Protein chains: 2
Amino acid sequence: MACGVVAFGVGSYATSRLSQDISPVLERKPSGNRPSFKSQYADRDTMLKAVAEIRDILGDDAVSVDQDDLEEHGYSEWSTSNSDEVSAVVKVCARHKVPMIPYGAGSSVEGNFSSPYSGICIDLSGMQKIIAFHQDDMDVVVQAGVNWTNLNEEIKESGLFLPLDPSPTALIGGMVATNCSGTNALRYGTMKDYVVNLTVVLADGSIIKTRHRPRKTSAGYNLNSLFTGSEGTLGIVTEATLKLAIIPDSFSVATATFPTIRAAADAATKMIRSGVPLAALELMDDAQMGVVNKNGGAGGRMWGEKTTLFLKFSGTKDSVEDNVRLARHVAKALRCNTFEAATDQKEMDSLWAARKQALWASLAIRPEGTQIWSTDVAVPISRMAELILEASKERAEKLGLFTSVLGHVGDGNFHQMVMYDPRSPEQVQATKEYVEIMMEKAIEMEGTVSGEHGIGLGKKHCLLKELGPETIGLMKAMKNTLDPM
Amino acid sequence: MACGVVAFGVGSYATSRLSQDISPVLERKPSGNRPSFKSQYADRDTMLKAVAEIRDILGDDAVSVDQDDLEEHGYSEWSTSNSDEVSAVVKVCARHKVPMIPYGAGSSVEGNFSSPYSGICIDLSGMQKIIAFHQDDMDVVVQAGVNWTNLNEEIKESGLFLPLDPSPTALIGGMVATNCSGTNALRYGTMKDYVVNLTVVLADGSIIKTRHRPRKTSAGYNLNSLFTGSEGTLGIVTEATLKLAIIPDSFSVATATFPTIRAAADAATKMIRSGVPLAALELMDDAQMGVVNKNGGAGGRMWGEKTTLFLKFSGTKDSVEDNVRLARHVAKALRCNTFEAATDQKEMDSLWAARKQALWASLAIRPEGTQIWSTDVAVPISRMAELILEASKERAEKLGLFTSVLGHVGDGNFHQMVMYDPRSPEQVQATKEYVEIMMEKAIEMEGTVSGEHGIGLGKKHCLLKELGPETIGLMKAMKNTLDPM
């Protein structure tokens with residue numbers, strides 16, 4: 001039993017409005033939104049016919065139209081160990097013009113798996129096989145439903161790992177779809193940097209493999225990067241060969257506090273420019289540190305409520321020590337308030353705990369019934385402090401919103417957690433306005449509305465603003481080539 | 001004066017049959033090949049009409065139909081400081097169905113700028129402006145004709161550099177077009193990893209910018225990677241914003257010799273797996289070391305004629321020393337014959353000299369009139385020794401060809417230098433056969449026919465074998481969408 005199909009998926013944007021790390025666990029609930037049936041696609045009767053055909057091919061257990069399944073986002077388990085059965089389902093859907101929505105962990109946050117025109121949800125979360133592990137080539141071939149933390153657990157004896165760091169629940173297919181990253185991106189890059197090849201079922205049901213298995217190539221168009229980040233809109237990724245990295249011998253963690261966001265952001269830039277090799281460089285503002293304290297602290301201690309940089313180091317034992325020394329030197333020269341470096345594993349865990357638990361702390365301390373909206377803008381690094389301060393902190397105060405900042409500052413990408421009460425039309429309105437302005441400012445600053453979560457339905461209108469009609473026109477032409485319906 | 005147009009380009013595969021590093025300087029000569037005029041494209045009279053129209057737009061000096069220009073590959077200098085004039089030329093060509101061939105340094109080696117159906121060669125080598133250098137954001141905006149060594153010279157005071165390492169003559173546009181790399185790829189990746197955004201003139205003359213300027217993004221389809229490596233077939237790159245990396249504080253170099261290629265390749269794999277951070281990991285076989293000696297040595301010394309690994313280290317002073325120690329430990333454990341590490345800059349230059357001068361040595365010692373064919377396969381690392389030995393060394397001996405190996409072994413990518421006399425039909429035949437078999441074996445081993453040089457005209461037939469008709473079909477559909485003619 002490997003993947004699943006749901007007729008009439010109703011996954012909606014509203015059900016997935018939280019940050020990647022938290023929404024699947026805490027916020028999944030049925031939405032009242034009902035999909036419409038758009039005229040160019042199948043009507044309800046035709047969809048039922050398609051469902052019957054898929055039942056014939058895959059058997060009764062493979063398909064669900066159960067209301068609970070549908071309300072959650074719609075799926076049941078069905079069987080395939082390869083891409084052929086996905087292809088069979090797609091062919092039926094294509095013939096009947098039934099919209100298809102690939103589905104994995106459901107942990108994306110921008111309505112990436114919504115089905116605004118109804119359709120059939122193809123759930124790949126059952127495709128959990130590690131097909132081949134080539135230790136000597138430092139790659140692994142996996143099905144789309146493999147969970148990345150399970151994968152890393154499975155292969156850890158080899159000294160290799162997949163160095164992405166999205167939501168712990170994320171599955172490979174979705175990680176490819178959103179070009180995910182996380183705190184490790186500064187050192188290791190994003191998902192696109194780990195894709196050696198993909199097996200993709202196209203919109204007509206044909207199956208392609210983007211490439212062979214070389215680590216480096218200049219042969220033909222880069223279809224890997226075309227599908228990576230395409231959010232399931234160009235085809236359904238069923239298998240991936242992924243590069244692996246070496247698990248470093250040694251790690252360390254340090255934190256440095258600064259009087260202002262600007263001072264911290266400047267220090268982050270200078271730290272990178274100084275050539276200190278960092279494994280991660282994260283920022284939390286005073287509000288976010290306050291949230292951690294309000295939740296009882298983290299790592300067995302309370303924290304100074306100052307803007308804090310979290311630094312991670314990795315490498316050989318000696319080079320890690322060397323790099324911590326260098327980072328301390330740079331931070332001190334930039335007049336940090338405090339600089340703490342871990343001297344053993346316990347201190348390391350303790351220092352990183354505040355960063356690790358930040359999202360959970362935000363969720364835990366919010367008043368009952370409130371929700372958290374997480375932005376995901378990324379700008380050229382030199383503009384980050386300005387964006388956080390002007391577009392963000394000041395404006396939030398004016399609008400009466402509580403916000404806090406959690407940033408992958410080494411990449412100029414940060415998340416603003418906006419707390420709001422969905423029962424208050426004023427707060428919903430203020431939050432929406434706030435998020436829109438953040439995105440507009442990011443675009444003005446030559447940035448992007450999405451550093452790592454993708455566009456989904458939630459930010460479609462912004463993508464047009466960001467890229468302009470010509471570039472969007474080209475993207476549409478490509479979409480139309482790969483999926484003419 | 002910024003770029004150039006040539007009517008009736010006759011650049012042919014035969015003129016560019018040498019390695020990227022050497023062909024432009026030593027091997028450029030007119031080819032006897034004359035292009036054909038294919039029925040779907042403009043005939044000679046229509047082309048002349050297009051040329052006249054371009055003259056009207058850009059002035060007489062901008063266009064050349066001079067025989068010398070044409071024979072070299074066809075170009076003259078004309079003026080533009082932005083993409084608008086390229087767009088104007090493209091619009092005229094599109095209206096008259098005149099094939100267009102973008103041209104940069106002419107240092108590609110697979111017929112990438114051939115014009116089999118005649119047409120107009122658009123030379124971007126005059127577009128040499130560094131448009132903006134954003135030190136704080138660690139990026140630079142450049143025109144397509146900027147030479148990468150000039151760029152690095154220009155910005156070196158900032159402590160930043162573009163860490164690609166192709167032919168010293170290469171220009172940014174061509175580097176994007178072939179997704180170039182070189183000896184630094186192990187540590188820094190390939191060109192696609194440095195593209196923040198591209199300005200591209202499409203086949204109809206419209207101008208798009210792929211993205212804003214964030215270092216990280218998940219917004220929309222990855223057009224950067226689509227154009228990078230597309231060899232000018234999807235549009236003409238006129239400008240690029242490129243990520244820069246930090247120039248390391250400190251470097252070192254070591255060499256290790258091994259009794260066999262297999263032993264060296266195994267050591268290379270184990271070196272990487274051991275987690276020693278290497279800046280480069282190159283392999284030269286006994287034959288290639290012999291070539292260096294035959295040319296009088298390199299770095300002021302003669303060399304052991306054994307398969308040799310060249311290791312480069314970079315980072316902080318302490319970490320470099322640490323890493324050299326580790327590498328020595330690993331190499332010794334794997335029974336290397338010798339391990340030499342540089343202790344100062346002079347020794348470093350001396351040790352790296354054999355690697356650096358390898359291609360020039362091959363050219364210098366070849367008998368007069370002979371040429372060198374450089375293959376560019378890449379395979380999963382574990383298969384590399386097998387490919388070199390079985391498909392390569394043995395077969396070359398059987399065919400009576402002198403070959404030597406120069407490998408980016410950390411990426412499983414290597415170049416086989418095949419020496420042949422173009423006046424001998426037997427040798428030409430044997431070389432072609434040999435190269436074909438190499439490529440077929442690489443494909444059998446899940447590899448690629450091109451690790452870094454691209455496909456051009458030279459390897460078109462192999463790309464079909466490598467990727468299969470479905471995947472090529474998708475690539476063709478995309479080509480057809482972006483450039484329907």
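On a predicted model such as this, the values are computed, not experimentally measured, just so you know. Chain A is the first sequence line, chain B the second, and so forth, proteins listed ahead of strands; every chain is numbered from 1. Heavy atoms only: backbone and side chains are in, while hydrogens, waters and symmetry mates are out.
Of the possible donor and acceptor atoms, one in the side chain of Thr471(A) sits under 3.5 Å from a partner among the backbone N and O of Lys209(B). A donor-acceptor pair is defined here as one N or O able to donate and one able to accept, closer than 3.5 Å; such a pair exists between the side chain of Asp137(B) and the backbone of Ser382(A). Listed for the Arg215(A) side chain is no donor-acceptor partner under 3.5 Å among the backbone atoms of Asn413(B).
The number of heavy atoms from other shown groups lying within 6.0 Å of NE2 (His329(B)) does not exceed 12.
For Thr190(B) and Lys216(A), the side-chain atoms include no donor-acceptor pair closer than 3.5 Å. Residues Thr233(B) and Tyr221(A) bring a donor and an acceptor atom of their side chains to less than 3.5 Å of each other. Residues Ser319(A) and Ser319(B) bring no donor and acceptor atom of their side chains to less than 3.5 Å of each other.
Heavy-atom distances place both the backbone and the side chain of Gln135(B) under 4.5 Å from chain A. Neither the backbone nor the side chain of Lys270(A) comes within contact range of chain B, judged by heavy atoms closer than 4.5 Å. In this structure, the portion of Met138(B) lying under 4.5 Å from any heavy atom of chain A is its side chain and not its backbone. If you measure heavy-atom distances from Asp411(A) to chain B, the contacts under 4.5 Å come from both the backbone and the side chain. If you measure heavy-atom distances from Ala185(B) to chain A, the contacts under 4.5 Å come from the side chain alone. Using a 4.5 Å cut-off between heavy atoms, Asn323(B) touches chain A through its side chain atoms alone. With a threshold of 4.5 angstrom between heavy atoms, Pro248(B) does not approach chain A through any atom at all. For Leu463(B), the part lying under 4.5 angstrom from a heavy atom of chain A is the side chain only.
Between Asp136(B) and Thr269(A), the shortest heavy-atom contact is O-CG2, 3.7 Å. Residue Gly220(A) comes nearest to Ile455(B) through the heavy atom pair N-CG1, 3.8 Å, listed as atom of the first residue, atom of the second, then distance. Here the closest non-hydrogen pair linking Ala219(A) and Glu466(B) is CB-OE2, 3.9 Å. Here the closest heavy-atom approach between residue Ser225(B) and residue Ser225(A) is recorded as CB-CB, 3.1 Å. Ile246(B) approaches Ile272(A) most closely through the heavy-atom pair CD1-O, 3.4 Å.
Counting only heavy atoms from C-beta outward, the side chains of Ile207(B) and Glu470(A) never approach each other to under 4.5 Å. Looking at heavy atoms from C-beta onward, Ser218(A) lies out of side-chain contact with Glu231(B) at the 4.5 angstrom threshold. With contacts defined as side-chain heavy-atom distances shorter than 4.5 Å, the pair Glu321(B)/Asp318(A) does not qualify. Side-chain contact check for Asn179(A) versus Asn222(B): every heavy-atom pair is 4.5 Å or farther apart.
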| field | Verdict with supporting geometry, Leu226(B) and Met478(A), side chain to side chain contact (heavy atoms under 4.5 Å, CB included) | value | CA-CA 11 Å; Leu226(B) 181 68; Met478(A) 286 164 55; 3.7 Å; yes

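Most heavy-atom pairs under 4.5 Å with chain A, from the set Ile472(B), Val379(B), Thr316(B): that is Thr316(B). Most heavy-atom pairs under 4.5 Å with chain B: of the set Leu234(A), Leu326(A), Thr210(A), this distinction falls to Leu234(A). Considering only heavy-atom pairs separated by less than 4.5 Å from chain B, the leading option among Ile443(A), Leu482(A), Leu202(A), Val449(A) is Ile443(A). Across Leu223(B), Asn197(B), Leu467(B), Asn224(B), the residue that shares the most heavy-atom pairs under 4.5 angstrom with chain A is Leu223(B).
The line from NZ of Lys476(B) to OG1 of Thr481(A) is 15.5 Å long, rounded to the nearest 0.5 Å.
Residue Glu446(B) forms a side chain to side chain donor-acceptor pair (under 3.5 Å) with just one option from His212(A), His134(A), Arg213(A), Arg211(A), and that option is Arg213(A).
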